[in-house]
Undergrad: 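The structure's right below; bear with me while I get my questions together.
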Amino acid sequence: MPELTFGEKLILARKQLGLYQYQMAEQLGVHPNSIWKYERGEGRPQPSVVRLFELFCEQNQIRFDAYRATETAKGIPMKIVLAEKVSPATLAVLAEEPDWQILTHEQVAALDGGLPAALADADALVVRSAVQVDDALLAHAPRLRVIGRAGVGVDNIDTEAATRRGIVVMNTPGANAVAVAELTLGMMIALARKLAVANASMHAGKWEKKSLQGLELRGKTLAILGLGRIGLEVARRARAFGMELIGHDPFVSPAVARETGIRLVTVEELFQAADYLTLHVGLTPQTEGILNARSLATMKKGVRILNCARGELIEEAALAAALASGHVAGAALDVFASEPLKDSAFFGMPNVLLTPHIAGSTNEAQEAVGIQIARQVREYLRLGVVQNAVNVTSLTHEEYVQLAPFIELADRLGRFLSQAATRSIEGIELSYSGLLAEGKTELLRNAAIAGLLVGSENVNRINAAAIAAERGIRLHEEQLASTRGLAADALRITIRDSQGCSTAVGTVLHGEQARLIELDGLDIESPLEGTLLVCRNRDVPGVIGNIGTVLGQQGVNIANFALGREVRQSGSAAPVKALSVVQIDEPVAPTLLEELGKVANLLEARLVRLG
């Protein structure tokens, strides 16, 4: 059996000690992203890092020779089915295991019975985007343990069916980060130097040198919305051009941003300061249409906008109008709300650069996703380590019946707090009480973190803790006997930043109904479903009535109205703070929060959409 790589040893050591990537990074004096890369087989560690790791293993009595001997003695053969074409380098990763049978897509096609026949005794299946892995296909694969998707999207895989059958589904987020970042920088240069117009005029036999004077990137402010892997790769490259970097991402710690030379700002400050604005966030209810007529109006005249993320982030009609007026000097768009793009206001605009969703389409990126999924599948089958899984951990039927409502509670409570609070996330604290403290809290933890990071790219209930660690977010968990007597089985989530903390407590009523029972120290009971309006106000007469009046004027129906307030100090006449969580019916007019802002003694109003 081949010698374990440095990355595989890191994975085994972390697994044995229960460490996150950032914790291992602290032990070795490197950035968490370095641990992530080593474990993916990228880069070569410095000899000093290897020596520190060896000393760390000696101190913690971690040995790998016994593991190798045990694994070799087992001699368990594996069968891997490659249902679609992969590169020779991808095949070579799996071929390193001498006892494994690798069935290529050509061999699968030649079989009587095709793919279903090949899966009859398969341990792993690797696909790209063409093969549809549905429940009917999985019925032919009784031994299947893992499905590897060479790419990000898993629309062609029935993840629920895989979960029911105890099959892990993995994808490869981040493997195309460099490709997307490079296209973003290329588009930025093309806009600054009017390359598309210059090229078209030259092909038309024109020499329009005077009209094609451009701009330098040096000294300009690049505003990055979303600081995941792609956003950080863009920042690293933009620094080489001498650009000033600002960014907004509530799920990235200041330490990670500082190391990349990014100054964190609010989303409003980001829009106002941008010379170039590039989008690298996922699509959520909060980010959909984030570039609209109102936000575009706050930007400086002459801003240039780039989007290689999701088309739905931009209200295209508003951007087209801003481009036509000259308020926005240019735009480079690789993604659109409806694809393929057949009829668009952008057609014919000389200050708009359009590409057909090709940001991740490079030879190197396609090679990288294949190699990465092969390594992930190999490490899962060899080491039992799950990386970049997109479905929940399998449970026994009894465990599922008991925990499923609380897993849903954790997700909803996390999503509620991330939208109701006004702070970024530098630390997460989770407290479990009652029966929750006795069960598999890993499932609750990941669901809560996934809810908190729902606006981050490619986060789910399997990879949530790893993504939080990668972004420098500290995590603390504790088991408690009870939570102030409010409910026997309760989950408390606290998020912290340098300015303070916000806390929400939830429980499940009647075995299935997720409930908020406390928010920032104020007792309250509200369902965690649908659309919620969270209002904080001074506890004086008239505020609640005025909130109801505004909702009525806006044509918004109230489904539930929950109230809570601070305990007034004995002898004090000063108003205390109060809280209301109003469950309302959609649709909600865009002007609702603006009108509520006019209500006297209403300190804050925020919309929370839980679905």
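Treat the numbers as computed from the prediction; the structure is a model and nothing was measured. The first residue of the sequence shown is numbered 1, and numbering continues consecutively from there. Keep in mind that the numbers below use all heavy atoms, side chains included, and drop hydrogens, waters and symmetry copies.
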Undergrad: Yes or no on side chain to side chain donor-acceptor pair (under 3.5 Å) for Asp334 and Thr355, after CA distance, side-chain angles and deciding distance?
TA: CA-CA 5 Å; Asp334 184 57; Thr355 52; 2.7 Å; yes

Undergrad: Just by distance, do the side chain of Asp275 and the backbone of Val303 share a donor-acceptor pair under 3.5 Å?
TA: no

Undergrad: Just wondering, more than 12 heavy atoms not from Glu586 lying within 6.0 Å of its CD?
TA: yes

Undergrad: Answer whether the closest heavy-atom distance between the side chains of Glu269 and Ile246 falls below 4.5 Å.
TA: no

Undergrad: With the side chain counted from C-beta on, respond yes when Ile373 and Met170 share a heavy-atom pair under 4.5 Å apart, and no when they do not.
TA: yes

Undergrad: Of all residues at least two apart in sequence or in a different chain, which pass the side chain to side chain donor-acceptor pair (under 3.5 Å) check with Thr221?
TA: none

Undergrad: Please assess Glu316 against Ser344 for the test side chain to side chain donor-acceptor pair (under 3.5 Å), listing each intermediate value before the final yes or no.
TA: CA-CA 9 Å; Glu316 293 178 352; Ser344 172; 5.1 Å; no

Undergrad: Within the structure provided, determine whether Gln372 and Asn388 are in side-chain contact (heavy-atom separation under 4.5 Å).
TA: yes

Undergrad: For Arg128 and Val369, run side chain to side chain contact (heavy atoms under 4.5 Å, CB included): C-alpha distance rounded to whole Å, both residues' side-chain angles, the deciding distance at 0.1 Å, then the answer.
TA: CA-CA 9 Å; Arg128 287 190 180 271; Val369 296; 3.7 Å; yes

Undergrad: Report the residues that fulfil side chain to side chain donor-acceptor pair (under 3.5 Å) with Asp343, sequence neighbours left out, ordered by chain and then residue number.
TA: none

Undergrad: Between the side chains of Arg412 and Glu408, is the shortest nitrogen-to-carboxylate-oxygen separation below 4.0 Å, so that they form an ion pair?
TA: yes

Undergrad: Should Leu291 and Leu319 count as side-chain neighbours, where that means a heavy-atom distance under 4.5 Å?
TA: no

Undergrad: Answer yes or no: is there a side-chain heavy-atom contact under 4.5 Å between Ser295 and Glu268?
TA: no

Undergrad: Go through the steps to decide whether Glu208 and Lys194 satisfy the test salt bridge (charged side-chain N to carboxylate O under 4.0 Å, His left out), and finish with yes or no.
TA: CA-CA 12 Å; Glu208 299 178 333; Lys194 304 179 183 178; over 6 Å; no

Undergrad: Start with the C-alpha gap between Leu607 and Leu533, add the side-chain angles, then the distance that decides, and say whether side chain to side chain contact (heavy atoms under 4.5 Å, CB included) holds.
TA: CA-CA 5 Å; Leu607 273 178; Leu533 176 65; 4.2 Å; yes

Undergrad: Per the salt bridge (Lys or Arg N to Asp or Glu O under 4.0 Å) rule, which among Glu429, Glu26, Glu426 passes with Arg474?
TA: Glu26

Undergrad: Does Lys300 NZ have over 12 foreign heavy atoms under 6.0 Å away?
TA: yes

Undergrad: Stepwise, does the side chain to side chain contact (heavy atoms under 4.5 Å, CB included) test hold for Ser424 with Leu264?
TA: CA-CA 10 Å; Ser424 60; Leu264 293 178; over 6 Å; no

Undergrad: Tell me, do Ile467 and Phe251 make a side-chain contact under 4.5 Å, heavy atoms counted?
TA: no

Undergrad: Could Arg609 and Glu288 be called an ion pair, given the rule that one side-chain N must be under 4.0 Å from one carboxylate O?
TA: no

Undergrad: Hey, is CZ on Arg423 packed in by over 12 heavy atoms from elsewhere, all under 6.0 Å?
TA: yes

Undergrad: Measure from the side-chain N and O atoms of Asn199 to the backbone N and O of Met202, and report whether any donor-acceptor pair falls under 3.5 Å.
TA: no

Undergrad: Within the supplied structure, the quantity of interest is the number of heavy atoms (other residues, nucleotides, ligands) at a distance under 6.0 Å from Glu259 CD; does it exceed 12?
TA: yes

Undergrad: Is it the case that more than 12 heavy atoms not belonging to Gln46 sit under 6.0 Å from its CD atom?
TA: no

Undergrad: If the threshold is 4.0 Å, N to carboxylate O, is there a salt bridge linking Asp520 and Lys577?
TA: no

Undergrad: Salt-bridged, Arg263 to Glu244, with N to O below 4.0 Å?
TA: no

Undergrad: I would like to know whether Val534 and Leu579 meet side chain to side chain contact (heavy atoms under 4.5 Å, CB included); could you show each step before the answer?
TA: CA-CA 7 Å; Val534 181; Leu579 170 72; 4.0 Å; yes

Undergrad: Do Leu551 and Leu592 make a side-chain contact, defined as non-hydrogen atoms from C-beta onward lying under 4.5 Å apart?
TA: yes

Undergrad: May I ask you to decide whether Glu233 forms a salt bridge with Arg237, counting only side-chain N to carboxylate O separations under 4.0 Å?
TA: yes

Undergrad: Is it true that a side-chain atom of Asn176 and a backbone atom of Gly360 form a donor plus acceptor pair closer than 3.5 Å?
TA: no

